[in-house]
Enquirer: 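Handing you a structure now.
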Amino acid sequence: SVQNGTATGPVTGSGDASDNVGGLVGSSDGTINGSTAAGPVTSTGDGVGGLVGENNESADVEKSEANGAVTGGNQTGGLLGLNNGSVTDSSANGQVNATGDEIGGLVGSSSGTVENGSATGDVNGSERVGGLVGWSNDTVANSSASGTVSGDEDRVGGLIGAVAGNGSVVDSKANGSVTGGNQSGG
């Protein structure tokens with residue numbers, strides 16, 4: 001686990017090390033609490049996050065934030081690229097620019113829970129692009145997004161790009177503008 005961790009420098013992933021790239025941790029199986037990453041994170045791969053690249057099934061991110069710009073491929077987010085665990089009381093404030101799908105201001109792709117999360121950065125991606133979460137198959141609760149969201153293709157949302165069968169949204173809001181193809185909305 002990581003308690004009160006801080007990272008301030010830029011992080012770049014490339015070649016064989018281009019997937020699961022994070023500003024503080026690449027892949028996490030534990031708890032990250034009270035931690036911050038401030039530098040930009042850049043990779044050509046998938047699973048790219050401002051704080052953590054991949055948050056695994058038993059992992060938790062709590063009371064943490066990322067403030068740097070994030071650039072990646074698929075499953076790219078301002079805080080987490082992939083979330084299979086839980087995110088609580090956490091935020092991302094950097095711009096997210098990605099060439100792929102499942103792109104979010106806070107989390108790119110989420111099969112876990114997001115509660116009391118916020119994202120303020122602008123988000124740009126291809127498909128399933130959201131101001132908070134790009135693709136969600138679990139609960140998003142008490143969360144907000146305020147950045148401008150744009151996608152080159154379909155399923156672009158101010159809060160969530162696409163909600164899958166097990167996904168639900170509770171007491172959450174978005175107030176940024178949205179530009180996208182089919183099935184896009186605020």
Side-chain angles (χ1 to χ4, degrees), residues 13-14 18-23 26-27 40-56 66 68-85 87 90-114 117-141 143-170 172-186:
S14 62
S18 63
D19 291 341
N20 301 333
V21 176
S27 181
V41 179
T42 305
S43 182
T44 56
D46 303 336
V48 182
L51 187 75
V52 180
E54 182 177 23
N55 195 43
N56 292 312
V70 181
T71 304
N74 297 308
Q75 299 157 335
T76 296
L79 187 75
L80 304 175
L82 285 157
N83 175 42
N84 294 310
V87 180
S90 297
S91 63
N93 301 303
Q95 184 173 20
V96 179
N97 287 301
T99 56
D101 302 340
E102 299 179 7
I103 313 302
L106 188 73
V107 179
S109 179
S110 185
S111 294
T113 59
V114 176
S118 69
T120 62
D122 294 344
V123 183
N124 301 289
S126 184
E127 187 170 1
R128 296 184 294 281
V129 181
L132 188 77
V133 178
W135 178 88
S136 177
N137 196 31
D138 206 319
T139 302
V140 173
S143 297
S144 65
S146 58
T148 296
V149 184
S150 61
D152 297 331
E153 297 183 33
D154 303 337
R155 299 179 185 89
V156 180
L159 188 70
I160 301 173
V163 178
N166 293 322
S168 64
V169 181
V170 181
S172 298
K173 64 182 179 179
N175 53 27
S177 65
V178 178
T179 305
N182 294 322
Q183 300 167 324
S184 297

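Every heavy atom of this structure was used, including side-chain atoms; hydrogens, water molecules and symmetry mates were not.
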Enquirer: Just checking, is any N or O donor in the side chain of Ser168 or Thr139 under 3.5 Å from an acceptor N or O on the other one?
Expert: yes
Enquirer: For the backbone of Gly53 and the side chain of Asn20, can you confirm whether one donor and one acceptor N or O come within less than 3.5 Å of each other?
Expert: no
Enquirer: Looking at every non-hydrogen atom in both residues, tell me the closest pair between Ser43 and Ser18 and how far apart they are.
Expert: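 Nearest heavy atoms, Ser43 then Ser18: OG-O, 2.5 Å.
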Enquirer: Any chance you could measure Ser27, atom OG, to Asn55, atom CG, to the nearest 0.5 Å?
Expert: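 That separation rounds to 8.5 Å.
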Enquirer: Over all heavy atoms of both residues, which pair between Gly73 and Ala98 is shortest? Give the atoms and the distance, please.
Expert: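 Minimum heavy-atom separation between Gly73 and Ala98: O-CB, 3.4 Å.
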Enquirer: Drop me the distance from Thr99's OG1 to Asn74's CG, to the nearest 0.5 angstrom.
Expert: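 Atom-to-atom, Thr99:OG1 and Asn74:CG are 7.0 Å apart.
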Enquirer: Mind checking side chain to side chain contact (heavy atoms under 4.5 Å, CB included) for Ser172 and listing every partner two or more places apart, or none if nothing turns up?
Expert: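 For Ser172 the side chain to side chain contact (heavy atoms under 4.5 Å, CB included) partners, ignoring immediate neighbours, are Val140, Ser143, Leu159, Val169.
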Enquirer: Can you measure from CD (Gln75) to OG (Ser110) and round to the nearest 0.5 angstrom?
Expert: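 OG of Ser110 is found 11.0 Å from CD of Gln75.
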Enquirer: Quick one: pull up OG in Ser150 and CG in Asn124 and give me the separation to the nearest 0.5 Å.
Expert: 3.5 Å
Enquirer: Under the rule for side chain to side chain contact (heavy atoms under 4.5 Å, CB included), what residues qualify as partners of Ala162, not counting sequence neighbours?
Expert: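 Listed in chain order: Arg128, Trp135, Arg155.
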Enquirer: Is there a side-chain contact between Ser126 and Asp101 (heavy atoms, below 4.5 Å)?
Expert: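 Of all side-chain heavy-atom pairs linking Asp101 with Ser126, at least one is under 4.5 Å.
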Enquirer: With a 3.5 Å distance limit and no angle check, can you tell me whether Ser144 reaches the backbone of Ser118 through a side-chain donor-acceptor pair?
Expert: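 Side chain of Ser144 to backbone of Ser118: no pair is present.
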Enquirer: Report the distance from atom OG of Ser109 to atom CG of Leu80, rounding to the nearest 0.5 Å.
Expert: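 Here the interatomic distance stands at 11.0 Å.
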Enquirer: Measuring only between side-chain heavy atoms, which start at C-beta, is Asn84 closer than 4.5 Å to Glu54?
Expert: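 When only atoms from C-beta onward are counted, Glu54 and Asn84 do touch, with a gap below 4.5 Å.
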Enquirer: With Thr148, which residues qualify under side chain to side chain contact (heavy atoms under 4.5 Å, CB included), at least two apart?
Expert: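 Scan of Thr148 (side chain to side chain contact (heavy atoms under 4.5 Å, CB included), adjacent residues dropped) gives Asp122, Ser177.
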Enquirer: Is it the case that Thr71 and Asn97 place a side-chain donor and acceptor less than 3.5 Å from each other?
Expert: no
Enquirer: So which atom in Ser91 and which in Asn93 form the shortest heavy-atom distance, rounded to 0.1 Å?
Expert: OG-ND2, 4.2 Å
Enquirer: Please say which of Val52, Asn56, Val114 ends up in a side chain to side chain contact (heavy atoms under 4.5 Å, CB included) with Asn83.
Expert: Val114
Enquirer: Which heavy-atom pair separates Ala119 from Gly105 by the least distance, and what is that distance?
Expert: CB-C, 3.6 Å
Enquirer: Search all heavy atoms of Ser90 against all heavy atoms of Val87 and return the closest pair with its distance.
Expert: CB-CG1, 3.9 Å
Enquirer: Locate the shortest heavy-atom distance separating Asp154 from Glu127; write the atom from each residue and the value.
Expert: O-CG, 3.0 Å
